[in-house]
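Lettering of chains follows the sequences in order, A, B, ..., and the numbering in each one begins at 1.
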Amino acid sequence: MGEDDNFWPASAPSQGPDGVCGPCSEVFYQMPNGNEVEIWNLVFTQHNRIGDPPDNLRPLPSRNIDTGMGLERTCAMLQGVDSNFHIDILLPLVETVADTCNQNYIAGDDNGRRIRRITDHVRACTFAIHENVLPGNNEEKYVVKRLLRRAVLDGWQMGIREPFLHTLPPAVASQMKHSYPELAETVEHVTNVIKREEESFLATIGGGLTRIHKLFEGIHSSGGGLVGGEDAAELYTTYGFPPELLETLAAERNCAFDWNGFREAMEAHGKKSGAGTRVEVFTSGPLDALKKAMHGSEFLGYESLQTTSKIVGIIAQDRLCESLAENNVVNGDSDAQQLVTIILDKTSFYGESGGQVGDIGWLEGPQGTFEVLKTQKEGGFFLHCGVLRTGSIELGQEVSAIVDERRRKAIRRAHSATHLVHAALQHFLGKHAVQQGSKVDADLLRFDFSHASAVDHETLQQIEAMVNENVLAAAPVAASLLPLEEARHAGAMMLFGEKYPDIVRMVSIDEISRELCGGTHVNNTGEIGLVKIINEESVSAGTRRVIAVTGHRALERFRQTEATLTDSANALKVPVTDLPKRLQALTKELKTLKRQATTQQSDFSIEELLRSAEEVDGVRIVVADAKGCDAAAMRHCIDQLRRKASPVAVLLGSAEAGKVTLVAGISREVESRGISAGTWIREPASLVGGRGGGRPDLAQAGGKLSAKLPEALAHAKQDMRGILKN
RNA sequence: GGGGGAUUAGCUCAGUUGGGAGAGCGUCUGGCUGGCAGCCAGAAGGUCAGGGGUUCGAGUCCCCUAUCCUCCA
């Protein structure tokens with residue numbers, strides 16, 4: 001057989017993709033009804049495909065046999081049923097789904113397929129959410145979201161308009177309880193997550209429906225009977241409105257749906273999105289040579305902050321070099337170009353990882369000093385990035401590698417505080433509030449965790465109180481190395497998606513917290529000093545973020561706040577405690593004054609203006625300098641004139657330091673003679689060096705030549721006389 | 001990581017050649033009223049997400065930032 005049938009991935013040699021591949025043997029079973037089912041595939045992985053043929057299959061250094069047998073397919077075979085969904089542990093679930101959807105399950109029809117899809121998706125999502133993979137916007141989270149939405153859509157197409165998926169996880173948990181009893185523990189949480197996602201998607205559909213109504217109106221008014229692929233793709237990519245649903249709605253209105261156009265548009269979108277430049281931050285070229293020579297640097301930073309180490313690598317401008325001489329010395333600030341990387345055989349510098357920032361410090365050699373500005377970790381190597389400050393250094397020299405102790409201590413405080421915050425969040429919000437991301441800097445920590453809604457002020461205070469209670473308790477902090485299984489047994493916090501080695505490092509804070517963590521910590525929580533949560537916010541749907549400060553930074557913050565308060569109180573000449581009351585009174589007063597000012601301004605002289613009015617052909621013309629009024633006040637004034645003295649044509653202007661504002665308004669009777677305020681105002685506006693326009697009944701303009709205002713007003717008056725006489 | 005969109009009253013949202021910030025619901029006041037969203041009249045409530053730019057003039061156009069939604073990887 002050819003590469004089409006007998007190769008994995010199918011047709012890989014000629015069509016790709018690049019990568020490992022090989023010939024395979026597929027095992028088929030013929031069902032009693034004559035259908036053939038593939039139940040097993042054996043892949044003899046032996047090639048690395050590079051580029052197009054010919055001669056594009058290179059041998060792999062080590063070959064292997066990868067084999068997979070479909071468990072459910074085999075069950076179906078052994079149980080003599082025609083589908084995975086009809087085996088003993090899945091059929092009951094299929095039937096439960098059918099009940100929930102008010103359907104009789106008929107395997108062969110459209111709804112049968114929908115019911116099976118819902119069954120599969122809700123089962124997958126129950127497990128995923130149980131493992132704390134929540135529906136979200138990227139990577140595995142996005143997969144969960146798509147599965148849920150597809151299932152809701154299937155429900156919608158069977159006439160369901162309410163959330164229903166969330167009623168199913170208990171059935172999944174009970175069906176699977178023999179092998180996965182732990183599902184029962186989280187089933188309530190899973191239910192809530194699914195319900196929220198369902199509601200969100202139904203809202204998306206609802207919101208899209210009005211938009212789609214407009215779309216159909218457009219299609220009908222232009223006489224077309226086709227929903228364009230572009231439109232469908234825009235609705236989908238922008239608002240998440242599923243094309244299948246749009247097609248159904250189109251059919252109801254006798255419109256066809258352009259699937260080809262849709263797929264083309266989606267492909268274009270995929271290309272545009274995928275075209276994002278993914279630059280390698282660190283080209284490991286020069287490191288590769290080192291990696292061949294040695295395994296990595298030894299890390300001693302848990303025990304000490306200073307080592308005597310040998311320089312084993314120097315990388316400058318992306319190349320390995322022998323030495324740095326005096327012409328490499330940098331004074332003052334350095335840019336990224338000038339950064340040099342030093343690699344030592346052993347070091348106490350912590351390399352940025354696990355959210356904890358790298359250390360800074362100094363390397364002191366016999367002929368020179370090197371300032372380490374950041375430390376990164378690449379493979380097993382610690383990269384000391386920085387600049388040469390004095391003298392010279394060269395490969396093979398011994399240096400004193402000294403970590404900035406004050407900063408390291410601040411980082412340790414923040415890191416241990418992070419563990420305390422994590423524990424407190426779980427205590428008050430529930431087990432689901434697990435870490436999603438974390439950044440630990442000097443006396444500053446940022447912690448993202450799963451939680452649906454904002455944490456209210458009171459709860460946040462309780463969390464902060466508990467953290468500080470644990471600080472005051474001066475609890476001992478200890479780290480130990482132990483097998484992964486033992487750590488799991490001890491109840492250590494582990495994160496989904498993290499790959500842990502067989503031997504892990506567990507950081508325990510008394511009985512308060514146990515986490516697998518490679519970071520550096522205080523010996524005793526009392527060293528943290530104080531933890532102050534300064535912010536709580538949303539990162540994206542389902543994820544919240546808290547930011548907290550510790551130690552010196554906490555103290556600094558209190559000082560600043562205090563200074564701000566004192567300054568404000570001094571400015572208002574009241575004691576600090578009276579500030580809120582005083583401010584409230586002031587804003588109220590300000591508001592009243594403002595209102596008084598505008599009303600006084602606008603009816604400054606309605607009567608006077610009317611007296612100066614000139615009547616032409618039954619219309620009163622009012623043109624005046626409204627000294628000091630802004631546009632809003634003049635509009636108000638025009639309103640009043642129109643109300644009191646129609647028919648009337650009004651043009652007011654005011655000038656102030658290099659700025660002229662004109663407003664013109666005419667009453668309805670005047671407008672009906674074909675006269676427009678917008679046209680009227682044009683000439684005077686150009687006289688003051690500006691332009692203007694507006695609606696027929698009200699127009700606005702402005703310019704810069706304030707000295708020309710009288711001339712412009714005179715012109716306007718003359719103009720209106722002329723217009724009215726015609 | 002990248003593409004598209006959104007952000008206007010307490011809530012749901014209107015607001016197009018750029019020219020007077022609106023509706024419904026809710027709140028408050030007064031009056032009418034025999035009910036389950038009772039009726040009428042009136043009022044309060046807005047830094048149009050924030051910042052910059054273009055313009056005589058920006059909720060509206062351009063740029064940046066923040067947040068949320070959405071699709072792709």
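A cation-pi arrangement is present between R253(A) and F216(A), with the terminal nitrogen or guanidinium carbon under 6.0 Å from the aromatic centre and inside a 45° cone about the axis.
At a threshold of 4.0 Å, the pair E464(A)-K532(A) counts as salt-bridged, since one of the basic side-chain nitrogens sits closer than that to a carboxylate oxygen.
As a whole-Å value, the separation of H269(A) NE2 from G5(B) P is 12 Å. One interatomic measurement links the two molecules: CG of L202(A) to P of C69(B), which rounds to 16 Å at whole-angstrom precision. For the pair K141(A) NZ and G1(B) C1', the interatomic distance rounds to 14 Å; values are reported in whole Å.
Across C62(B) and G18(B), the matching P atoms stand 11 Å from one another, rounded to whole Å. On the C1' atoms, C11(B) is 32 Å away from G52(B), given to the nearest whole Å.
The side chain of K271(A) places no N or O atom within less than 4.0 Å of a non-bridging phosphate oxygen (OP1 or OP2) of G2(B). Checking the phosphate oxygens (OP1, OP2) of C71(B), no side-chain nitrogen or oxygen of R146(A) falls inside 4.0 Å.
Relative to the side chain of R691(A), the nucleotides G19(B), U55(B), A73(B) differ in distance, and U55(B) lies closest. Closest approach to the K272(A) side chain among U70(B), A73(B), G3(B) is made by G3(B) (side chain taken as heavy atoms from C-beta onward).
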Original post:
Step by step, would you call E162(A) with K195(A) a salt bridge (Lys or Arg N to Asp or Glu O under 4.0 Å)?
Top reply: CA-CA 10 Å; E162(A) 299 292 319; K195(A) 187 171 183 196; over 6 Å; no

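Residues from residues 661-685 of chain A with heavy atoms under 4.0 angstrom of RNA chain B: there are none. The stretch residues 237-244 of chain A touches RNA chain B through T237(A), T238(A), Y239(A), G240(A), each having a heavy atom within less than 4.0 Å of the strand.
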Can you check nucleotides 10-16 of chain B for protein contacts, nitrogen or oxygen pairs under 3.5 Å, and list what you find?
none

Side chains of residues 678-692 of chain A: which donor-acceptor pairs under 3.5 Å do they make with residues two or more places apart or in other chains?
residue	atom	partner	partner atom	Å
T679(A)	OG1	S676(A)	OG	3.2
W680(A)	NE1	A716(A)	O	3.1
S686(A)	OG	E683(A)	O	2.9

List the atom pairs, with distances to 0.1 Å, where a side-chain N or O of residues 439-446 of chain A and a protein N or O form a donor-acceptor pair under 3.5 Å, not counting sequence neighbours.
residue	atom	partner	partner atom	Å
D443(A)	OD1	R413(A)	NE	2.9
D443(A)	OD1	T550(A)	OG1	2.6
D443(A)	OD2	R413(A)	NH2	3.0
D443(A)	OD2	H552(A)	N	3.2

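For the ring pair (Phe, Tyr, Trp, His ring centres under 6.0 Å) test, no residue two or more places apart in sequence or in another chain qualifies with H121(A).
Counting heavy-atom neighbours within 6.0 Å of E199(A) CD, excluding the residue itself, gives a total above 12. At most 12 heavy atoms of other shown residues, nucleotides or ligands fall within 6.0 angstrom of atom CD in E230(A).
Ring centroids of H422(A) and F447(A) are separated by less than 6.0 Å, placing the two rings close together.
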